[in-house]
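In this text, all values refer to a predicted model and were calculated from it rather than measured experimentally.
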Amino acid sequence: VGLRFLVRRDVIPYRTFPTTPAPEFWDDIDPDFGVWHRPSAVFRHRTPCFDVVYSANRYGARDRDRTVSSGERHRTVVLGDSFVEGYGVSDGERFTSVLENRTGIEHLNFGTAGGFGSIQEWLLYKNLASQFDHSRVLVFLLPSNDFIENDAERSPPTRYRPYLTRSGDQFEVVYPVQFEQRSREKRNLPLRVWNRVTNGSYTVNFFRVAIPRLQTKLGQSLGPSMPSYEDYDQSDLEVLFFTYREIAAEAAGRPVHVFVIPRTLDLQRAESKGHPFGLLPDLGAFAETVPNLQVVDLVPYFLEYAQTEHVGFDAFVHTCDGHWSALGHRVAADAIQAALY
């Protein structure tokens, strides 16, 4: 019960492990940006607090079928990680679906779980999403792990995924392994049984997932945990800004809006110690150098909703997972609609 409470408060992590012999939905299958959904795949995702079915279209996006040429005057491309994809909620509950229903404007969801940072978002936009007719681009930044996803030294060395290395004043895309030699996930029967046990027990999950992560964090700093909006350095910003500048250039004059996603701890710190955090002035100064780029922080919208509706921050996320619940997606949709429409 205590561990369940800590997971709900986003104090300790909870992970759902796959129980199939091979990946069914997410896999490192794209030679440009790595992890993506298998085209036309259908996957049932069950955890202690949600049971939903995901489906990918023929392009591998977790979205309904879309045409490359639409004939619509307005259409929006949405880039991001598991929050954008809608980890743990049904298709109709995601903020992209909510916005599409409200505005009548198509919102093409190109988000994916599996460890997806801004480098991958840029390459996905360049090689796939930009092919679709669209008039606007939304990019979602999750400070709590996007900087990590962009850093090869803080990411799994065997994963096939792109990173940036500096060459003079420029960055070059590099991959830790060749695409043909990338590691492929295969699960034998004992591992699948062990994963099922882990998924069904908060205690086992804690020992398998949380303790190693807590040990890593303890090794990094013995001080109190900081908001994710403060947990970065200058090199992290340089990589992030390079990718956003490239997305803005690929957008060819279309407006690009970067939305910053807070975690529960960020909302708690903002409520108790004030806002904004240091990341926002850095992002704002950068946005002033890119004519078609704008930054919108979601913290004020979530704080206002919590205060107005008298709900705790836990209501915005799943009870066993830190991703947005259906309510979290609705509040995000409210914020985006207020900022853009």
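Residues Leu108 and Tyr59 have side chains not in contact (no heavy-atom distance under 4.5 Å, counting atoms from C-beta outward). Annotation: side chain of Thr165 is not in contact with side chain of Tyr163 (no heavy-atom distance under 4.5 Å). Glu106 places none of its side-chain heavy atoms less than 4.5 Å from the side chain of Thr67.
Pairing each heavy atom of Tyr125 with each of Leu79, the nearest pair is CB-CD1, 3.7 Å. When all heavy atoms of Gly92 and Ser97 are compared, the closest pair comes out as O-CB, 3.8 Å. Closest of all the heavy-atom pairs between Arg62 and His37 is N-ND1, 3.7 Å.
Criterion: ILVMFWY side-chain heavy atoms under 4.5 Å apart, direct or through other members. Under it, Leu280 and Leu267 are part of a common hydrophobic cluster. Both Phe132 and Val84 are members of a single hydrophobic cluster when ILVMFWY side chains are connected at heavy-atom separations under 4.5 Å. A continuous path of Ile, Leu, Val, Met, Phe, Trp and Tyr side chains, each step under 4.5 Å between heavy atoms, connects Val173 with Leu128, placing both in one hydrophobic cluster.
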For this session: For ring pair (Phe, Tyr, Trp, His ring centres under 6.0 Å), just list the numbers for Tyr87 and His318, CA-CA rounded to whole Å, side-chain angles, deciding distance to a tenth of an Å, and then say yes or no.
Result: CA-CA 10 Å; Tyr87 195 91; His318 295 295; 7.8 Å; no
Exercise. Under the ring pair (Phe, Tyr, Trp, His ring centres under 6.0 Å) criterion, do Phe50 and His323 qualify, and how do the steps go?
Worked result: CA-CA 11 Å; Phe50 59 78; His323 290 88; 8.3 Å; no
Problem set entry | Audit row: Arg136, Arg254, side-chain contact (heavy atoms from CB on, under 4.5 Å) steps and yes/no | CA-CA 6 Å; Arg136 188 193 304 269; Arg254 301 179 184 91; 6.0 Å; no
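Using a cutoff of 4.0 Å between basic side-chain nitrogens and carboxylate oxygens, Arg38 and Asp27 are scored as salt-bridged.
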List the atom pairs, donor and acceptor, that lie under 3.5 Å between side-chain atoms in residues 326-341 and the rest of the protein, sequence neighbours left out.
from: His329; atom 1: ND1; to: Phe95; atom 2: N; distance (Å): 3.0
from: Asp334; atom 1: OD1; to: Arg102; atom 2: NH1; distance (Å): 2.8
from: Asp334; atom 1: OD1; to: Arg102; atom 2: NH2; distance (Å): 2.9
from: Gln337; atom 1: OE1; to: Arg102; atom 2: NH1; distance (Å): 2.8
from: Tyr341; atom 1: OH; to: His107; atom 2: NE2; distance (Å): 2.9

Show which side-chain atoms of residues 240-247 pair as donor or acceptor with protein atoms under 3.5 Å away, not counting sequence neighbours.
from: Thr243; atom 1: OG1; to: Ser118; atom 2: OG; distance (Å): 2.9
from: Thr243; atom 1: OG1; to: Val239; atom 2: O; distance (Å): 3.4
from: Thr243; atom 1: OG1; to: Leu240; atom 2: O; distance (Å): 2.6

Which donor-acceptor pairs under 3.5 Å do the side chains of residues 300-311 make with protein atoms, sequence neighbours left out?
from: Thr308; atom 1: OG1; to: Glu304; atom 2: O; distance (Å): 2.8

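Within the structure, the ring-ring contact (aromatic ring centres under 6.0 Å, His included) test picks out the following pairs touching residues 141-162 (sequence neighbours left out): Phe147-Tyr232, Tyr160-Tyr175, Tyr160-Phe179. Within the structure, side-chain hydrogen bond (donor to acceptor under 3.5 Å, both in side chains) contacts touching residues 233-242 (residues at least two apart or in different chains) are Arg154-Asp236, Arg166-Glu238, Asp233-Ser235.
Side chains of Arg208 and Asn195: a donor-acceptor N/O pair is present below 3.5 angstrom, by distance only. Looking at Arg263 and Ser144, their side chains do bring a donor and an acceptor atom within 3.5 Å of each other.
Here the rule is side chain to side chain contact (heavy atoms under 4.5 Å, CB included) with Leu279, and of Asp231, Asp266, Leu237, Val295 only Leu237 fits it.
Its side chain outside the 4.5 Å cluster rule for every partner, Val89 clusters with none of the Ile, Leu, Val, Met, Phe, Trp and Tyr residues.
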